[in-house]
Structures are given as C-alpha cells and as structure tokens.
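Here the structure comes first, spelled out in structure tokens, and everything after it is commentary.
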Amino acid sequence: MSSRDVVLGRVRRALAAEPRDAGRDEPPVVRDYRRVHGSRTTAQTVELLAENLVDYRAVVHRSDAAGLPALIARLLAERGARSVVVPRGLPASWLDVALAAGSGLTRVADRAALTPAELDSVDSVVTGCAVAIAETGTLVLDAGPDQGRRRITLVPDHHVCVVRVPDQVVGSVPQALPRLAPDRPLTWISGPSATSDIELDRVEGVHGPRTLEVILLSASGEPG
C-alpha cells in the first residue's frame, strides 16, 4: 500500500464516519516530535508570551484581580470608547468601574440578533481567552462564555483580551492543542490584524481589530 493509498483511505473513512479502527493494517502515526523548545519555568513561559505579544505589536498590561476593573476602565477611556460589546459569560465585576454611572460607556450584549451594522458601530470588545501560546505569542479563543461569538472579536477596532496566568498559558502549539476542542469555532490571534500588499506596505485592521491589548491577570495576589 502506497502512502497515497493510506492518506486517501483515511479521508474516505473520515467522510464516511467509519470506526477509527477500520484501518488496523495501516502503520501508526509517529508523534515523537518535540513538544516544546527548551526548558523554562512557569514564570519564564509567561515572560516569553509577553515578549512575543509585544513583538507582534500587541500592547501588554499586567494586573491582579483587585486592579483589573480599574485597568479595563482606563484602557477603554484612553481609547475613547463609547460602547463595548461584552460576552454573556464575562465576569460582571471586570466592567464594574468602566460601566459605572456617569461613565458614558454603553454595554452591548453579545446576541445572535446583533447585526453587522450594529457591531461595526461598537468601539471596543472585552473578552477572556481559552489558551495563550508563549512560543508564538498567540491567543486562542474558542467561543467560550467569556469570549462570545467569533464575530465580536473580528469587527470592533479595539480588543481587550484578559489572559489568566499561569493557568491559561502554555509553552507551545503542541501543548495547546489538547486543551482545545476541534469542533469548536477557534480563533487564533497573533497580534493585531495586519496584512501587506506586494510592496510590503503594512495595513492594520483589515481582518480584525487594529489594536489588541492583552492583560496578563495574575491568579495570585501579585501582578503576573
């Protein structure tokens, strides 16, 4: 049996939803590749994440739970945000300060009936994340309760993403994959949205937020 036959056989079985053991005569897939590059402590892994996020032009902040509401309020105010879309499962306390009486900020709920035009008029979005990958500076969202529908992080021009450290931080992509369900809508974010034309002129904000701010939220009493 050629390699081509092996690959096509697997594709046919996947499409036909055949039992996974239907191809017992096939050679096993060897997965002995390196899962992470080098040896790092948890603190070093978090620092590597911060460095790579900055390298991708994200803005990194650090906070503990007590300081988080004030920090989010400050970031939205500095942005001049008048409206913010909020996933239904985002902890309400995170926006207590930002949405206090007299702030002038309007909370927009993430709902199925939210039209593209309504979403386009929203200034900012605040979410959590599913996992953050240090080696690539990547945030992964899986539409969990604190992240909401994929579109709310693709249309507004300003995204504030809160990463719980160290619980949500892994070193590498192979370490991240077991934490993610392949049947969920996954959004992989490495810095603000950016593209460039044939002359390498960089344009930001085409396929997602122009500005990405990441808050590394320490689980302890000290900022991470």
Side-chain angles (χ1 to χ4, degrees), residues 43 46 49-50 53-54 57-132 138-169 179 184-185 187 189 191-193 205 208-224:
V46 173
L49 171 66
L53 285 168
V54 170
R57 301 195 186 187
V59 182
V60 176
H61 309 272
R62 298 170 192 260
S63 180
D64 57 14
L68 182 62
L71 175 57
I72 291 176
R74 177 172 66 81
L75 298 182
L76 295 176
E78 290 176 350
R79 180 71 181 179
R82 296 160 298 175
S83 57
V84 57
V85 62
V86 181
R88 60 180 175 80
L90 196 78
S93 62
W94 288 8
L95 289 168
D96 278 350
V97 176
L99 295 172
S103 67
L105 184 67
T106 300
R107 179 184 185 277
V108 179
D110 173 24
R111 63 189 192 281
L114 195 63
T115 68
E118 289 174 323
L119 193 55
D120 189 44
S121 68
V122 174
D123 296 313
S124 302
V125 56
V126 178
T127 74
C129 81
V131 66
T138 302
L139 309 176
V140 186
L141 279 59
D142 66 357
D146 65 346
Q147 300 151 57
R149 293 172 175 82
R150 175 184 287 173
R151 62 181 180 171
I152 71 170
T153 59
L154 296 179
V155 180
D157 207 39
H158 177 223
H159 182 189
V160 177
C161 184
V162 179
V163 179
R164 292 180 173 89
V165 298
D167 293 348
Q168 292 183 322
V169 181
R179 295 191 178 203
R184 294 189 64 82
T187 304
I189 304 170
S193 167
R210 194 186 316 270
T211 303
L212 173 64
E213 301 201 67
V214 181
I215 300 174
L216 301 180
L217 177 63
S218 173
S220 66
E222 298 295 329

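Classification of Asp157 and Arg210 as a salt-bridged pair holds, one side-chain N sitting under 4.0 Å from a carboxylate O.
When the side-chain hydrogen bond (donor to acceptor under 3.5 Å, both in side chains) test is applied to His61, the partners found at least two apart in sequence or on another chain are Glu213. Qualifying salt bridge (Lys or Arg N to Asp or Glu O under 4.0 Å) partners for Arg82, counting only residues two or more places apart in sequence or in other chains: Asp123. Every side-chain hydrogen bond (donor to acceptor under 3.5 Å, both in side chains) that Thr138 has, sequence neighbours left out, goes to Thr136, Ser190. Remark: Arg151 pairs with no residue by the side-chain hydrogen bond (donor to acceptor under 3.5 Å, both in side chains) rule, at least two apart or across chains. For the side-chain hydrogen bond (donor to acceptor under 3.5 Å, both in side chains) test, residues two or more places apart in sequence or in another chain that qualify with Gln147 are Asp142. Residues satisfying the side-chain contact (heavy atoms from CB on, under 4.5 Å) criterion with Val155, sequence neighbours excluded, are Leu119, Asp120. For Arg179, there are no salt bridge (Lys or Arg N to Asp or Glu O under 4.0 Å) partners two or more places apart in sequence or in a different chain. In this view, Val54 and Val60 satisfy the side-chain contact (heavy atoms from CB on, under 4.5 Å) rule, not counting sequence neighbours.
In terms of heavy-atom proximity, Ser63 sits nearest to Leu68 at OG-N, 3.2 Å. Contact record, Pro156 with Ser124: CB-C, 4.2 Å, taken as the closest heavy-atom pair. Listed here is the closest heavy atom pair of Glu118 and Ser121: O-OG, 2.6 Å. Heavy-atom minimum distance, Cys161 versus Cys129: SG-CB, 3.7 Å. Nearest heavy-atom pair, Val214 versus Val163, reported as atom, atom and distance to 0.1 Å: CG1-CG2, 3.8 Å. Heavy-atom minimum distance, Pro69 versus Ala65: CD-O, 3.5 Å.
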N/O donor-acceptor pairs under 3.5 Å from side chains in residues 93-109, not counting sequence neighbours:
| unit_1 | atom_1 | unit_2 | atom_2 | d |
| --- | --- | --- | --- | --- |
| Ser103 | OG | Ala98 | O | 2.9 |
| Ser103 | OG | Ala100 | O | 3.0 |
| Ser103 | OG | Leu105 | N | 3.3 |

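Counting only heavy atoms from C-beta outward, the side chains of Arg111 and Leu114 approach each other to under 4.5 Å. With contacts defined as side-chain heavy-atom distances shorter than 4.5 Å, the pair Val160/Val84 does not qualify. Two residues are said to be in side-chain contact when any heavy atoms from C-beta on lie closer than 4.5 Å; Leu71 and Arg62 fail this criterion. Side-chain contact between Leu49 and Leu216: present, with at least one pair of heavy atoms (C-beta onward) separated by less than 4.5 Å.
One side chain, Arg79 or Thr211, offers a donor N or O that lies under 3.5 Å from an acceptor on the other.
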Check your understanding: Hey, mind stepping through Arg164 and Asp146 against side chain to side chain contact (heavy atoms under 4.5 Å, CB included) and telling me if it holds?
Key -> CA-CA 12 Å; Arg164 292 180 173 89; Asp146 65 346; 3.6 Å; yes
Review point. Where do Leu75 and Val59 land on the side chain to side chain contact (heavy atoms under 4.5 Å, CB included) test, with the steps shown first?
Key: CA-CA 11 Å; Leu75 298 182; Val59 182; over 6 Å; no
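Taking CZ of Arg150 as the reference point, atom CZ of Arg184 lies at 11.0 Å (rounded to 0.5 Å). With rounding to the nearest 0.5 Å, the separation of CG in Asp110 from CZ in Arg149 is 4.5 Å. Rounded to the nearest 0.5 angstrom, Leu90 CG and Ile72 CD1 are separated by 7.0 Å. A distance of 10.0 Å separates CD in Gln168 from CG in Leu139, rounded to the nearest 0.5 Å.
Each side-chain hydrogen bond (donor to acceptor under 3.5 Å, both in side chains) pair with one or both residues in residues 65-76, not counting sequence neighbours, appears once here: Arg74-Glu78.
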